[in-house]
Protein chains: 2
Amino acid sequence: MTKNTFDSIYKTLKERILKGTYSIKMRLPIEDDLITEFDSSRYAVRKAIKQLANEGLVYSVKGRGVVLLEHTPQTQQFNLNLGELSGIHTSEPDQTFDYQTALVSFDQIIVDQALSQQTAFEVGIPVYAIKRVRSINGTRAVIDINYFNAQLIPGITPKIAKTSIYDYIQKTLKIKIAVVKRLLRVDSALPVDTDNLALGQNNCVGNMISIAFNDSGRQFEYTESHFIPNELAFTQLIRN
Amino acid sequence: MTKNTFDSIYKTLKERILKGTYSIKMRLPIEDDLITEFDSSRYAVRKAIKQLANEGLVYSVKGRGVVLLEHTPQTQQFNLNLGELSGIHTSEPDQTFDYQTALVSFDQIIVDQALSQQTAFEVGIPVYAIKRVRSINGTRAVIDINYFNAQLIPGITPKIAKTSIYDYIQKTLKIKIAVVKRLLRVDSALPVDTDNLALGQNNCVGNMISIAFNDSGRQFEYTESHFIPNELAFTQLIRN
DNA sequence: GAGTGGTCTAGACCACGGT
DNA sequence: CCGTGGTCTAGACCACTCC
């Protein structure tokens, strides 16, 4: 599992931090000591520390050292990273949950002016337009409204849409999903939402808009995921 | 403005990407050529490219090169504004807008069991509990519910709360805000929300929960920002 | 002034992509 | 096979923190 020098240093340090080895001083050992301990270069040690900082576990201060950030059971949930490409996390992270997909509609259409404005796909290209409802523990919690560029992602069928499009893209087409950009909003519920989601008394939805790129830099997907309130959470980390 | 070697390379490359200089090939020049052009080391060039990748402008492929990600006017809003610590972004970043703060309540209280569970502050410590409503262009759009550790951030007054607590923390107390962790949710509206926000027909709010740390690693703040639907947006970037 | 992390250089070898 | 980015080393100097 541990592939690189820096990765092994990173894993060791992370384990110690979570175990509380360094908690008393609220500091990591200085770089030179870590270089000596792991018998490696400064590059590898610094890269490991950088990864810990990316996760929000430590913070480097020039001239002082690498500081540990306080963490309590309550703040653990902030440390969940949204590194998973395909999915959304529930607010109960470790709980196992039932996950079902129902296909609402499946079409192949040509992008017109309005859809181009929304999705950033070029006018005239063919796209798959797919609506699916995701039920978590029997509750209709999310509706995915997907548009896939049919030239870049050909051959999607209703059957594939009912299982996993991302599996099809990665495993069958062998296309690499390089980058996903997301926008999160809260929107007033539309008819498509009230019709398909277990909104109860609520009349709003969360809206996660995703655009995904392959490793040639082409945008192959535009997706809106509308989800019901009180169920899902997203994390962010901001560093100075 | 340009301080370091890598920063100057980064700014130059970013400008060229946005101007379209490299768009035809959808590639950046290879590292060796950039090293030659900028007469610098590989370290500086790679650090600049890494920063471009962090912003979602490019993607590096081992063995192939550095690929440009497609960007259109529509997808500009997906590109990240990093580093804003003090506020919330509107969905129209460049638009000037009116911004007003009204103080709803101001108290100094002791953390009890329930509040400790919520905020991750230790039971028994004194905190400032502050509620403020932010109006954007005359619309009551956001209510901030702040808890500041009074031992770490002493001397907050109602007057300071009416202007800017973050200015007070950074400029007067000279405390560095090192890291902010955020959780984004959609919640059903509470009485505090319906009473203070221009929700209209909507009965839900966005909830941005922030916990902030100083450069000694101590959590000094827990804040919930409840905001009305259809006004604000947050960006995320996920890389493989 | 001593100690620490941040920036930078010059070089080496490896892993992967495409021909 | 060649060209490319990824990892890694050894070393230098600078900027900042703290005593």
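Throughout, a chain's letter reflects where its sequence line sits, starting with A, and its residues are numbered from 1.
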Nearest-Å distance for atom pair [atom1]/[atom2], residues [X] and [N]:
X       : N     : atom1 : atom2 : value
A/Tyr59 : C/dT4 : OH    : C1'   : 15 Å
A/Asp32 : C/dG5 : CG    : C1'   : 10 Å
A/Leu28 : C/dG3 : CG    : P     : 20 Å
A/Lys47 : C/dG5 : NZ    : C1'   : 18 Å
A/Ile35 : C/dT4 : CD1   : C1'   : 12 Å

Terminal contacting nucleotides, 5' and 3', DNA chain D versus chain A (heavy atom, 4.0 Å):
D/dT7 to D/dC18
More than 12 heavy atoms of other residues, nucleotides or ligands under 6.0 Å from NZ of A/Lys25: is that the case?
no
Heavy-atom side-chain contact between A/Leu57 and A/Leu13 under 4.5 Å
no
Only residue of B/Val67, B/Val58, B/Val61 satisfying side-chain contact (heavy atoms from CB on, under 4.5 Å) with B/Arg27 is B/Val67
Please verify the inter-ring angle class for A/Phe106 with A/Tyr128; under 30° counts as parallel, over 60° as perpendicular, anything in between as tilted.
tilted
Please check: side-chain N/O of [X] versus main-chain N/O of [Y], any donor-acceptor pairing under 3.5 Å?
X        : Y        : value
A/Gln219 : A/Thr119 : yes
A/Arg182 : A/Met208 : no
A/Glu31  : A/Val66  : no

Judged by nearest nucleotide, the residue sitting upstream toward the 5' end of DNA chain D, A/Arg64 or B/Ile49, is B/Ile49
Of B/Glu31 and A/Lys62, whose closest DNA chain D nucleotide lies nearer the 5' terminus?
B/Glu31
For the helix from C/dG1-D/dC18 to C/dG18-D/dC1, how many degrees between its two end axes (five pairs per end), to the nearest 10°?
20°
Establish, from distance only, whether the side-chain atoms of B/Arg16 and B/Tyr22 form a donor-acceptor pair under 3.5 Å.
yes
